[in-house]
Every structure is written in C-alpha cells, then in structure tokens.
Peer 1: 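Got a structure here, written out as structure tokens. Questions coming.
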There are 2 protein chains.
Amino acid sequence: MDLVERKFRILQAIVDDYIVTALPVGSRTISRKYEQNLSSATIRNEMSDLEELGYLDSPHTSAGRVPSYKAYRLYVDRLMKRTPLGAEEAQAISRFFDRRMRQMEDVAERAAHALSSVTHYTTAVMTRQTGEDDLKLRHLQLVKVTENTALLLLVTDAGVVKQTPMHVSPGMSTDDLYKVSRMLTERLAGCRLGQVQSILEGIGAEFRDQNELLSGMLETLRESATPEGHTDLVVGGTSNLLEYPEYSDVEKARNLLSVLETREKVIRLLQGGAQMEFSVRIGPETGLPETKDCSVVSATYRLGDGRVNTIGIIGPTRMQYGRVISALEYMGKALMETLSGQEQK
Amino acid sequence: MDLVERKFRILQAIVDDYIVTALPVGSRTISRKYEQNLSSATIRNEMSDLEELGYLDSPHTSAGRVPSYKAYRLYVDRLMKRTPLGAEEAQAISRFFDRRMRQMEDVAERAAHALSSVTHYTTAVMTRQTGEDDLKLRHLQLVKVTENTALLLLVTDAGVVKQTPMHVSPGMSTDDLYKVSRMLTERLAGCRLGQVQSILEGIGAEFRDQNELLSGMLETLRESATPEGHTDLVVGGTSNLLEYPEYSDVEKARNLLSVLETREKVIRLLQGGAQMEFSVRIGPETGLPETKDCSVVSATYRLGDGRVNTIGIIGPTRMQYGRVISALEYMGKALMETLSGQEQK
DNA sequence: TGTTAGCACTCTCAATCGAAGAGTGCTAAC
DNA sequence: GTTAGCACTCTTCGATTGAGAGTGCTAACA
C-alpha cells in the first residue's frame, strides 16, 4: 500500500468530514469513521505530516485539524468525487424549465432559484452579450409614450438591450416615429453597435430639426456599446448562507451579504473564472478580500443566440463541491436545451 | 399643565429613546434626558399607568419599559415629528437622478439603493401598470434572432412588457416578420391587452400557415394581461438590517431575509398600504407572520405614463419613522420630476 | 392631590472558577 | 511502521457570585 496515497486518502477523509460537520476533525474520528484498520495514533502521525505540508491548520493545540485552502485546492483537483444529483434534485431543476418559457429575464431568475434551493448556497446568474465586437444591431424602434416622450428600444442579436425614455418634439406623430424607426433600422441593421454611432452621426444632417432626439440616441448607443451596459445580473438564495455556522457571526454575515448586493463585486466574482467553462475558486482565489473564506464555483454557457451566461454558486470554502458541480452541469444542459432552439432535442 | 398631555409626552420620550438605543428605557433615563423637572419616581408612576393602558411592555421586572405596537401606532399617528432630511441626505437622493436617465429598469434600482443608503433600512420598489383595463398596446414587434426563433416584443403605454422568444418557421425572413409586425400593430395598437387576445384570434384565419407562431403570441398576451405579469420588483439594502440588534439572532435574520427574497411576499408587504398614498404599517399590521416585528412605510406614486410605483421601506418596528417618511416624500418628488416628463419643472 | 425620597426587592449581566471532554505529542514497546 | 499509554493543553459548559439597573411601595411633603 502506497504510503503517500494513504496520506491523501486521510486528507480526503478530513475534508469530507469537515465539509459536513464544520467542526475541527480529530484523529479518532478518522480512525473510527474512515480508516478502521488504522489506529488513531497512526492517523495522528499522518496528520502531523499533513500539517507540516501545509494542508491542515489547527485552531489550537487540542482541537482537531481544519483543512487549509491548499487542501481544498488539492481536494477539488484530485481527491474529490462528483456526487451525482439525486432524482428529486434533478427534478427540482428540470421543473423550472418544463413550463413554457416566458420572459427572457425570467430564465436567469428561475435558474438562480432552482440552484439555490438544490444546493443551499447562493447563486448568481450573469447574462451578457458576447464581446461587443460581435454584437450586432437588429432593430431599432421609437415608440411614442406621452405627448413629448418616446421609448427607444434597441434590439440586438440577443434581445432588447436598451429601453430608454427619449424626448421628442410634440410635433412628431406616432406614424412619424414609425417611419423614422423603419428608416434607421434599414440603414443600421446588421451593423455592430460600435459602428452604429458613427453612421448615426453621418445621418445627422438629414435630421437637423431633431437634434435633441438624435443626441439622446447617440448617448444611449454609446452606453450600449460598453459591456457593462448589457450585463444582466440576478442573485438568489442569499439567506441560505445564514444557515452555516461560519456566518453565525452577524458582522461576517453582513459583510458577505453586502458584497452580494453590490453588482460590481458579484460580477467580479463571476468573471474570475470566465475564461474556462468550469471554474472553482477557493478562498483568496475569489479575488475579493471580503470573500476570502468563500468559494465560488462557476460555469459559463455560450447560448446559440450569442449570449453568454455565467452561473456562479457562492458558499463557504467547505462547500460540497461535488454536488455543486453536478448541479451546475445539469443546469447547463437544461439551459442549453431550453434557450438555443427549444426543439433540438 | 394637562396631565394626560404629560403622559403622552413621556410616552413620546420613551419611544424616541428606544428608537435610538434599542434598550429598554428606565424612569431615570427619562427624568434626566427628557423631563428634568420631574423626578424619576413620578415618571415611574406615569410609566406604570402607560403600561396598564397597553402602551408599554416590560421584558422583566427590573428592566426598563419597551413600547408596544399600540405605542408605535400612537406615536406615528399623533406624537411623532417629521425629521427633515439633512442637506447631505437630500443630495444623496438627488444625485441618483441628476445624471441623464438611462434604462427604465435602472430607475427602480437606483431609487432602492438611494433610499437604503440614506435610511439604513431595506427598500423595495415595485413598478406595475395601472389596472389591466387601462393598459393599452402600443406596439408589437417580432425580431428575428436565430434561424427559427424570433423575439416578440410587446410595448404598452408604459414600456416593454414582454420580451419572449417565439418559434417561427425557418421560411420567414426578417422582412416577412417586419411586415407581420407592422400589420398587427396597425390593427392592434390602442387596444386594451384584454381585447387584443380576441382580435388576434379573429385574425387567426389569415395566418393559417403560422399557427404555431400565433398560438405562442396568444399565450404571451394572456400572461401579459394579468397584473402579476408586469410587476417589476427590486429590493435593495437587505444587508442593512443586520446592523440592528433585533436581528443579531441569526435565525431571526434568516427568516426575514428569506421573506425579502420571496417576490410574492415582498409584493404582499407593499400592497398592504396600496390604497393610500402614504402608509405606515407596524408589526402585525404588515400582514405576514414573519414580519411581526418589522414595520413597513410605503408610498405610492402614480406616474404620468400610467405606471404606478410603490416604494416600501422595511425595518424594525423601532424605526425612525420621521426620517423615513421625509426621505420617501423627497424621493417621490424626485421620481415624479424625472419620470413623468422631464421638462415640466 | 400630586410629587418625591427612600428602601427593599427582583432580575440580568459579566466575571470567575472548576470540572469534564476532546485532542495532541511524545515515548516506549511491539 | 504501528500502536498503546499517558501527561499536557485548551475549550466548553455549568454553577456561583457580585454589581448594577430598575421597579414598586410606603411615607412624607407641598
């Protein structure tokens, strides 16, 4: 029997146990529950080694051991087994999609709720367009709302991006706006958002009398061209976190919650692993000082229609990684099927 | 000096003090801080009376007294003085509106953040249309997104209501959809959402070959006609609540947070006072068992464009009612100016 | 009649102390 | 290389205690 292998089997047992109990793990616990043919003294020696190697910390002399970030890293990369979703859990996720799809925005919200309730952690769903370069304008529509305001709708490859109230001169009739919309759409459809601006400026001459309207539209377009301009974000299940003892200190809980309320920070949290399809970031790897004892498991799905969805599950470092990854995987499949052509199955 | 008046002045002092400290108020505190020409013994007698009248509770024999719901009710209705907003606070609210207005959805989110940060409580902003009867369709647009999906946009008096992916047969070109949209808009614009359905069914005959598309649109319309179909809800500042000692018990905090995460419950919380323009609901009056020691101060604004905004501020029963009401009032003015015709000032 | 001082009484809160329990590290024996 | 045994450390929990805050009552006073 390889002794190094045994060492890591013990480490795995410690992490497994700690993930469930949140209590420092002692040598006797391991020898009773996981390695019955080894005595606690042997385990003790191994644990002492593991501590020296940086995989374990001891809160104080006579508590058990607690996994370090390094241990979780190793655990996720090599030791952990994926826990397949139970039938009821898989069903809970599917159920969110079996009704006919309604609002686009609903998808993210539903996904967030489904995952939160299955995993008992917090879920963040971020939807954004593929790089701004790829984003093409499809349709532009001005809709009269009150005597002197209209709503500018910008539709891109991936749905309505902007919906902004505009000033129009009271002289413009519903039909006038309709014509303008049609004309502009004809000229601009298929252009990238970045280009649209300059073209619109060129057209400016024809609309001398509607300068105010034009400059309003220009500004809206400018904003739409930035990636932040069309990033939707939904966060669900934040109250779940309070069920874990690591946040029974209200101050800690408050800090974390306030991160989850800050759009920019959540986006940062999700972006960290944006390169890869799947990513697990542990503790300090999350990038924010406030989440240095949280982990984020995230997955990115490229939908057929040009949108990119990133789903992140946020919980304490002693997260049930195996389960969470399975849940994300399952959700990914469900999302793909539902959104990029419902009939393709 | 009227003795009854004095009694209530003392009650006011107790509530005032308790709102700030969250600690049971003793007779000596009152005699020192609020009624210097009365001895603590006198106050004690009065407090004993007030307890008998149901305005005060005592947690135990030798703690001070704590206001009852009845006391808060009286306080809000008759005793309390509105606390005008400080200059910096007013500015904090204004600042959310002085930039050019961007996305419609942003308004609610910004308002929620502004109010949360000024009041240090939680803010919920609900936007919905006036009764479904009044809601008229303005524009309908099908935009091709992928080979066999299009996006159906429904625009009403008050902005885009629905944005739903639809199946279309691959034969339909961008231009075909454009024509269909135009045709449908011409026939349907100005109709109430409820009517649109039946008209659309009537038109059905002309679109024999597009049955799938038509039934999809019908379903979307059906959903849009219900009030829940177009109620936007934003909640901000939930982490603020954790700063109050009443939620230092994690279990309590969790319960409350989970209410604030449940769309339906928050809507219920805001609807309670929907009849009035301004409403203060205290403890059990909030209607939900989970919020029996919270208060909700809400205000409803009818915007020019047919939308109704309800903003509610949620906090512990010992809320700074005076300040909160002032903040809501101020926000109301700012909202009105910004949204219903920006130039009307 | 209303106000006040004084006092006994009650209850909480924080600090202290000690015993129990869990776990370690080390040593010596197998 | 493994294990039993043991001394040692550190936390946790319960009980005890004293201080402090606040009340209610009584009796005296204006």
Side-chain angles (χ1 to χ4, degrees), chain A residues 1-11 13-15 17-18 20-68 71 245-246 248-249, chain B residues 1-11 13-15 17-18 20-68 71 245-246 248-249:
Chain A
M1 187 198 346
D2 188 354
L3 283 185
V4 173
E5 192 223 332
R6 187 181 72 179
K7 212 174 233 72
F8 288 122
R9 218 174 51 234
I10 290 174
L11 181 58
I14 294 172
V15 177
D17 201 78
Y18 187 72
V20 178
T21 63
L23 262 31
V25 186
S27 53
R28 260 204 85 213
T29 310
I30 299 299
S31 99
R32 259 187 301 125
K33 287 209 282 184
Y34 300 89
E35 300 281 346
Q36 276 138 0
N37 44 354
L38 291 180
S39 79
S40 69
T42 311
I43 308 283
R44 244 180 341 260
N45 289 329
E46 297 285 33
M47 282 168 90
S48 181
D49 291 357
L50 284 167
E51 181 166 359
E52 200 136 300
L53 289 168
Y55 290 111
L56 295 178
D57 293 328
S58 33
H60 56 264
T61 340
S62 98
R65 300 304 208 296
V66 166
S68 68
E246 21 272 278
S248 57
D249 175 12
Chain B
M1 187 198 348
D2 188 354
L3 283 183
V4 174
E5 192 224 332
R6 186 182 73 181
K7 213 173 231 80
F8 288 122
R9 217 174 52 234
I10 290 174
L11 181 57
I14 294 172
V15 177
D17 201 78
Y18 187 72
V20 178
T21 62
L23 262 30
V25 186
S27 53
R28 261 204 86 214
T29 311
I30 299 300
S31 99
R32 261 187 300 126
K33 287 209 282 185
Y34 301 89
E35 301 281 344
Q36 276 139 359
N37 44 353
L38 290 180
S39 79
S40 69
T42 311
I43 309 282
R44 241 177 346 258
N45 290 329
E46 298 285 32
M47 284 168 88
S48 181
D49 290 356
L50 284 167
E51 180 166 2
E52 200 136 300
L53 289 167
Y55 291 110
L56 294 179
D57 294 327
S58 31
H60 58 263
T61 341
S62 99
R65 298 309 208 291
V66 166
S68 67
E246 21 272 277
S248 57
D249 174 13

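Everything quoted here is computed from the prediction, not taken from an experiment. Chain identifiers are assigned alphabetically (A, B, ...) following the order of the sequence lines, protein sequences preceding nucleic acid strands; residue numbering begins at 1 within each chain.
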Peer 1: Could you tell me whether the phosphate oxygens of C:dT3, OP1 or OP2, come under 4.0 Å of any side-chain nitrogen or oxygen in B:S39?
Peer 2: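 No, outside the criterion.
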
Peer 1: I'd like to know if the side chain of B:S68 and the backbone of B:G54 have a donor-acceptor N/O pair within less than 3.5 Å.
Peer 2: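 Yes.
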
Peer 1: Do any of residues 25-33 of chain A sit with a heavy atom less than 4.0 Å from DNA chain C, and if so which?
Peer 2: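 Correct list: A:G26, A:S27.
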
Peer 1: Who passes side-chain contact (heavy atoms from CB on, under 4.5 Å) against A:D249, sequence neighbours left out?
Peer 2: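 A:E251, A:K252.
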
Peer 1: Can you list the residues that meet the side-chain hydrogen bond (donor to acceptor under 3.5 Å, both in side chains) rule with B:T42, with sequence neighbours excluded?
Peer 2: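 With sequence neighbours excluded, B:T42 shows a side-chain hydrogen bond (donor to acceptor under 3.5 Å, both in side chains) to B:S39, given in chain and number order.
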
Peer 1: Please tell me if B:R6 has a side-chain N or O lying less than 4.0 Å from either OP1 or OP2 of C:dT3.
Peer 2: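 Looking at the OP1 and OP2 atoms of C:dT3, one of them is under 4.0 Å from a side-chain N or O of B:R6.
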
Peer 1: Under 3.5 Å, which protein N or O atoms sit close to an N or O of nucleotides 6-10 of chain C? Give each pair with its distance.
Peer 2:
{"from": "C:dG6", "atom 1": "O6", "to": "B:R44", "atom 2": "NH2", "distance (Å)": "3.3"}
{"from": "C:dT10", "atom 1": "O3'", "to": "B:T61", "atom 2": "OG1", "distance (Å)": "3.4"}
{"from": "C:dT10", "atom 1": "O2", "to": "B:S62", "atom 2": "OG", "distance (Å)": "3.3"}

Peer 1: Less than 4.5 Å apart, side chain to side chain, heavy atoms only: is that true for B:V66 and B:L56?
Peer 2: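 When only atoms from C-beta onward are counted, B:L56 and B:V66 do not touch, as no gap falls below 4.5 Å.
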
Peer 1: State which residues pass side-chain hydrogen bond (donor to acceptor under 3.5 Å, both in side chains) with A:S31; sequence neighbours excluded, sorted by chain then number.
Peer 2: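 With neighbours one apart ignored, the set is empty.
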
Peer 1: Give me each pair satisfying salt bridge (charged side-chain N to carboxylate O under 4.0 Å, His left out) with a member in residues 37-51 of chain A, each pair once, sequence neighbours excluded.
Peer 2: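 Output for this query lists A:R6-A:E46, A:K7-A:E46, A:K7-A:D49, A:E51-A:R65.
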
Peer 1: Taking atom CD as the centre, does B:E52 end up with more than 12 heavy-atom neighbours from other residues, nucleotides or ligands that are less than 6.0 angstrom away?
Peer 2: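 Counting neighbours around CD of B:E52, 12 or fewer heavy atoms of other residues, nucleotides or ligands fall under 6.0 Å, so no.
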
Peer 1: Using whole Å, report how far CG of B:D17 lies from P of D:dG22.
Peer 2: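 Those two atoms, CG and P, are 10 Å apart.
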
Peer 1: Please enumerate all residues that pass side-chain contact (heavy atoms from CB on, under 4.5 Å) together with B:S62, with sequence neighbours excluded.
Peer 2: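 Scan of B:S62 (side-chain contact (heavy atoms from CB on, under 4.5 Å), adjacent residues dropped) gives B:H60.
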
Peer 1: Can you list everything that forms a side-chain contact (heavy atoms from CB on, under 4.5 Å) with A:T21? Sequence neighbours excluded, please.
Peer 2: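 A:D17, A:L23.
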
Peer 1: From the options C:dG25, D:dT3, C:dT4, select the nucleotide whose nearest atom is closest to the side chain of B:N45.
Peer 2: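 Nearest to the side-chain atoms of B:N45, counting from C-beta on, is C:dT4.
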
Peer 1: Can you check whether B:I14 reaches B:M47 side chain to side chain, under 4.5 Å on heavy atoms?
Peer 2: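 Side chain of B:I14 against side chain of B:M47, heavy atoms only: contact under 4.5 Å found.
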
Peer 1: Given pairs defined as Watson-Crick or G-U wobble with both distances under 3.5 Å, what dot-bracket annotation applies to DNA chain C, with ( ) intrastrand, [ ] crossing, | other strand and . unpaired?
Peer 2: ||||||||||||||||||||||||||||||

Peer 1: Is any side-chain heavy atom of B:R32 less than 4.5 Å from a side-chain heavy atom of B:Q36?
Peer 2: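 Contact flag for B:R32/B:Q36 side chains = no.
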
Peer 1: Among residues 46-57 of chain A, which ones have heavy-atom contacts with DNA chain D below 4.0 Å?
Peer 2: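 When residues 46-57 of chain A is checked for heavy atoms under 4.0 Å from DNA chain D, there are no hits whatsoever.
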
Peer 1: Within this structure, what is the CG-to-P distance between B:L38 and C:dG2, rounded to whole angstrom?
Peer 2: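 After rounding, the gap between these two atoms is 14 Å.
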
Peer 1: How do B:H60 and B:S40 order along DNA chain C: which one's closest nucleotide is nearer the 5' end?
Peer 2: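 Comparing both residues, the 5'-ward one is B:S40.
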
Peer 1: May I have all residue pairs that pass ring-ring contact (aromatic ring centres under 6.0 Å, His included) and include part of residues 34-56 of chain A, sequence neighbours excluded?
Peer 2: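 Checked against ring-ring contact (aromatic ring centres under 6.0 Å, His included) - neighbours excluded - the pairs reaching residues 34-56 of chain A are A:F8-A:Y55.
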
Peer 1: Does B:T61 have any side-chain contact (heavy atoms from CB on, under 4.5 Å) partners at least two apart in sequence or in another chain, and if so, which?
Peer 2: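 Scan of B:T61 (side-chain contact (heavy atoms from CB on, under 4.5 Å), adjacent residues dropped) gives none.
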
